[in-house]
Structures are given as structure tokens and as C-alpha cells.
Amino acid sequence: MDTGKNRYIKAPLGMKDLFPEERVLWEEIESVAREEFELSGYYEIRTPVFEDTRLFVRSIGETSDIVEKEMYTFGDTTDSMITLRPENTAPVMRAYLEYELHKSKKFQKFYYIGPMFRKERPQAGRLRQFHQMGVEAVGSYDPLLDVETIKVATRVYDRLGLSGYKVKVNSIGCEKCRPGFRDLLKEELRRYKEELCELCQARLDRNVFRVLDCKKKKCREICNSVSSIENHICSGCQDHFTTVKKTLEDIHLEYVVDQNLVRGLDYYTKTVYEITHPAMGARDTICAGGRYDNLISDIGGPPIGAVGFAAGIEASLIALLKTRNKENQSGNPPVVLDVYLVSIGSETRSYCFRLLNNLRHAGVSVDMDYESRSPKAQMRMANKIGAKFAIVIGSEEVEKGVIKLKHMQTGEEKLTHDPEEAIRIIRE
Ligand code: ATP
Ligand code: MG
């Protein structure tokens, strides 16, 4: 039993509410993203929030952190288990296959924006319901597309005015060259087994590439001393990576190669990339992506190349807020009402309510008091919420049918009998 002072039911661990003030910036991020995605020919797909569990196990991989311990999985009335989506690449590919788009419109560019669910240990910046926006270009092995997706992400950040981000790229090879490098890495890392953290010791056998991703200092040092993948990928992967790097240079997109960059999801092949931001601390990735040429075949389809990214919306928002504050920008102005209606005496309230509805019908944003405040307190409210005008309605105004508009900033008052005229004044 909760014996604390606050006995209200709280949101479950790792869940966050978004209040109107925060939503303004959220909306800005989403609308800029939508515009930029569509400008580059990506169109929105909306898939359900839960899927057959097998979809994620087969694509993300049994030994990934997500599948091992982070999925919300439960039974429903069917025989199969269902899982709240921890990411949205596999669901989009599931839809692509289910509707047999590979037969009718093989090459497709999708984007999505929505909630994802992972039962992570709640720690700084980690939520159990978080949001991602992402793109997926399906049906091609062209390295130019890898670069296109990176550019789409940076265009979004540039337009939002986010400065200081860093683009990191790497190649993790393909099913031909990866196993060889996996064995080599295992062999080399085994020599340092005692020095690796406990988790990485377990990763050695289960999923050795994850060791490269460990954030612990000692593990990082060891990883920097072992062979790097760049010299061990096959010529096909080499060529692909060379084209990616050259194309990034052609379009003047600044990047660094990070040979320890691996992603936590098993489906990636060849190119992987991340966008990081220094405002984020240790977990500094705000956007992550890469090529996943085996995913579609892993879930039962034909071999089809694809590439895409997922950007964390909460992470992008934090990075953006921090840079904007640093540059002393206050972010977006709060939503401002055109009019606040002030009624004097309770008998004028029904008149006020009719006027309110007529104004709203004409597209004027307007509100009134619902808390039985005094006229003085209503005026203070008009001021506090930053309404452009106050319209004061007393019995005299009702009788004479006049509308008295007070400009809140200048204090100037205008009288009119004509509602159309009032609307014109408000819109000026
Ligand atoms: P990370 O290494 O940051 O945990 P990941 O490899 O687990 O990422 P991705 O799906 O590639 O998972 O993540 C893309 C981005 O989505 C992350 O960089 C981050 O901004 C955001 N993200 C992932 N998990 C969470 C979470 N639990 N809460 C908030 N944001 C998240
Ligand atoms: Mg993670």
C-alpha cells in the first residue's frame, strides 16, 4: 500500500506525460520532419503498435538486448504471442511483405513517427515509452541511398537549428565477411577476457559485436587495440563503403568514421551510422541507422536491400532545447489567444457564451471564465494568458448590443455594434 503523502495513482515507471508547453516544440520537430521527409520522397506509413513477437525475434536477433530483456510481450486470444513494438523497421518491412509490394512496387520510400516500447532500466533519458521518427528506403542496394537517408536526417536537424551534432559512419560488412571478422574479434578479445566488464564477458560468446559498443572505459580501451573491421570486410563491402564516404564528401556532409560503431540490432549490414550530440552526455546518440539487406529475407521474404534510420524524438528535443538555451533563444512563443471575454455579472454569461461561439465560428481563438471569477480577476486572467484583446460584456453592452474591445498591450479601446467589424479589428 502506498503510504506516501501523494496517494494519487502515478504513471508506470519510465512513462512520461507531455504537457501543452512542451508539445509546442514537439510539434515543431514533427512538422519539420514530415516536411523534410516528403521533400525527399518519403511518405508516411502507420503500422499497429503491437506485432507478432516472432517478427522482432527474427529481425532484431535473439541475442540483442532488446529481444533478451526489453520487450513487452504477452499473450492475447490467439495462439501467438504479441509484443509492443520496440522499433519500427521490422513492422514496416512486415507490412511491405504482407501486401506483396515487392511484386508490384518493389522500390518504396516510407517514413513513420510514433511511440516505441522497451522495458529498459529507467535511467537518465531512457523511457519505456519513447518516440521515434524514421525513414526506410526499400528495394535497392544503391549506396547513394545510404547517403540520402543520412542527409534527410541532417536536413531535419539543420532546419530545426540544431548545431553541434556529429555524423559517425562505419561498415560492419555483410553475411560473407562478417562471420570471419566475428571469429577474429572473438579470438582477440578473449585474450582480454578478465579485463572486460561482466556484461562484455557474457557478450563474447553470445554477441561479440556488442562489446565494441560498450560505454565502459576499460572495454573501450581494449576495443581500440584490437583489429578494426575496415581491413576485414570483403571487396563488395569495401566498394560500397568507399562510395558512401565519397558521396558524403561530394555533398559536403561532414562525417567521421568510427570503427567501433555497431548497432544493437542484428539486422544491419554494410553501412551503419549515428548522429550524436554533446548535450546528451554519455548516451549521446539522437539518431541511428544503416543498411539492412538481410532483414526482409530473415522474416521470410526474398532478398531485398534496404536502408533507413530512427531518430529519438525525446532525445532530439533535449538536444534542441539545450542548444537553443545556450544561444539564448527562448524557443517557441506559447500559443496566444486572440480574445478573452470578460463578463460582468452572472446574467451576461449566456450572452458571452453565444458571442464566444460566434467568434470561434469565424475562426477567432477565444476563451472565457468558467471559475466564477470576479471581473477584475477575469481581466488579470486575460493579461496572464497574453490574450491580444479583452472584450468586456456588462448589462449595458448586452442591452445596446455593443462590443467593447480592449487592446491588452496598448490599453486602447474600440467600440462597435457590428460583429464583422469586431472581427476585422481583432485580425488587424
Ligand atoms: P541506444 O544505443 O541509444 O540505446 P539503440 O541501439 O538501443 O540506441 P535505436 O532504435 O537504434 O536503439 O535508437 C535510436 C534512437 O532512439 C536512440 O539513439 C535514442 O535517441 C532513441 N531511443 C532508443 N531507446 C530509447 C529509450 N528507451 N528512451 C528514449 N529514447 C530512446
Ligand atoms: Mg538501447
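Computed from a prediction, not measured in an experiment: that's the story for all the values here. Residue numbers start at 1 and run along the sequence shown. In each ligand, atom 1 is the first atom listed, and ligand 1 is the first ligand listed.
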Taking atom types as modelled and ignoring hydrogens, do the side chains of Gln108 and Tyr42 form a donor-acceptor contact shorter than 3.5 angstrom? no
Atoms in ligand 1 with a heavy atom of Phe130 nearer than 4.0 Å: 22 (N), 23 (C), 24 (N), 25 (C), 26 (C), 27 (N), 28 (N), 29 (C), 30 (N), 31 (C)
Give the atom numbers and elements of ligand 1 that come within less than 4.0 Å of a heavy atom of Ala315. 20 (O)
Heavy-atom contacts with Ala288 under 4.0 Å: which atoms of ligand 1 show up? List them by number with element. 11 (O)
With no hydrogens and no angle check, just 3.5 Å: does a side-chain donor-acceptor pair link Thr47 and Asn88? yes
When the ring planes of Phe353 and Tyr370 are compared, do they come out parallel, tilted or perpendicular, using 30° and 60° as the limits? perpendicular
Could you pull out, from Glu274, Arg126, Glu70, the option with a heavy atom nearest to atom 1 (P) of ligand 1? Arg126
Of all the atoms in ligand 1, which lie at a distance below 4.0 Å from a heavy atom belonging to Ala310? 14 (C)
Just which atoms of ligand 1 are under 4.0 Å from any heavy atom in Arg118? 5 (P), 7 (O), 9 (P), 10 (O), 12 (O), 23 (C), 24 (N)
Taking heavy atoms and a distance under 4.0 Å, where does Glu87 meet ligand 1: side chain, backbone, both or neither? neither
May I ask you to decide if Val152's main-chain N or O and Glu36's side chain share a donor-acceptor pair within less than 3.5 Å? no
For residues 295-317, which side-chain donor-acceptor pairs fall under 3.5 Å, sequence neighbours excluded?
{"unit_1": "Ser297", "atom_1": "OG", "unit_2": "Asn294", "atom_2": "O", "d": "3.1"}
{"unit_1": "Glu314", "atom_1": "OE1", "unit_2": "His131", "atom_2": "N", "d": "2.9"}
{"unit_1": "Glu314", "atom_1": "OE2", "unit_2": "His131", "atom_2": "N", "d": "3.3"}
{"unit_1": "Glu314", "atom_1": "OE2", "unit_2": "His131", "atom_2": "ND1", "d": "2.8"}
{"unit_1": "Ser316", "atom_1": "OG", "unit_2": "Tyr157", "atom_2": "OH", "d": "2.9"}
{"unit_1": "Ser316", "atom_1": "OG", "unit_2": "Gly312", "atom_2": "O", "d": "2.6"}

Do any N/O atoms on Leu127 end up under 3.5 angstrom from N/O atoms on ligand 1? yes
Does Gln132 approach ligand 1 within less than 4.0 angstrom via side chain, backbone, both or neither, non-hydrogen atoms only? side chain
Heavy-atom contacts under 4.0 Å between Arg128 and ligand 1: side chain, backbone, both, or neither? neither
Quick one: do the Glu30 and Trp26 side chains pair a donor with an acceptor below 3.5 Å? yes
Tell me, please, which residues at least two apart from Tyr273 pass ring-ring contact (aromatic ring centres under 6.0 Å, His included). none
Sub-4.0 Å atoms of ligand 1 with respect to non-hydrogen atoms of Gly312: 15 (C), 16 (O), 20 (O), 21 (C)
Less than 4.0 angstrom from a charged side-chain N to a carboxylate O is my criterion; do Lys246 and Glu249 meet it? no
Against heavy atoms of Thr285, which atoms of ligand 1 measure under 4.0 Å? 17 (C), 18 (O), 19 (C), 20 (O)
Does any N or O in the side chain of His277 come within less than 3.5 Å of the main-chain N or O of Met280, such that one atom is a donor and the other an acceptor? no
Before signing off on this row, confirm whether Asp213 and ligand 1 have an N or O atom pair separated by under 3.5 Å. no
Ligand-residue contact atoms, ligand 1 with Glu120, heavy atoms, under 4.0 Å: 24 (N), 25 (C), 26 (C), 27 (N)
May I ask you to check whether Asn260 and Asp213 show a side-chain donor-acceptor distance below 3.5 Å? no
Backbone or side-chain N or O of Glu314 under 3.5 Å from ligand 1 N or O: no
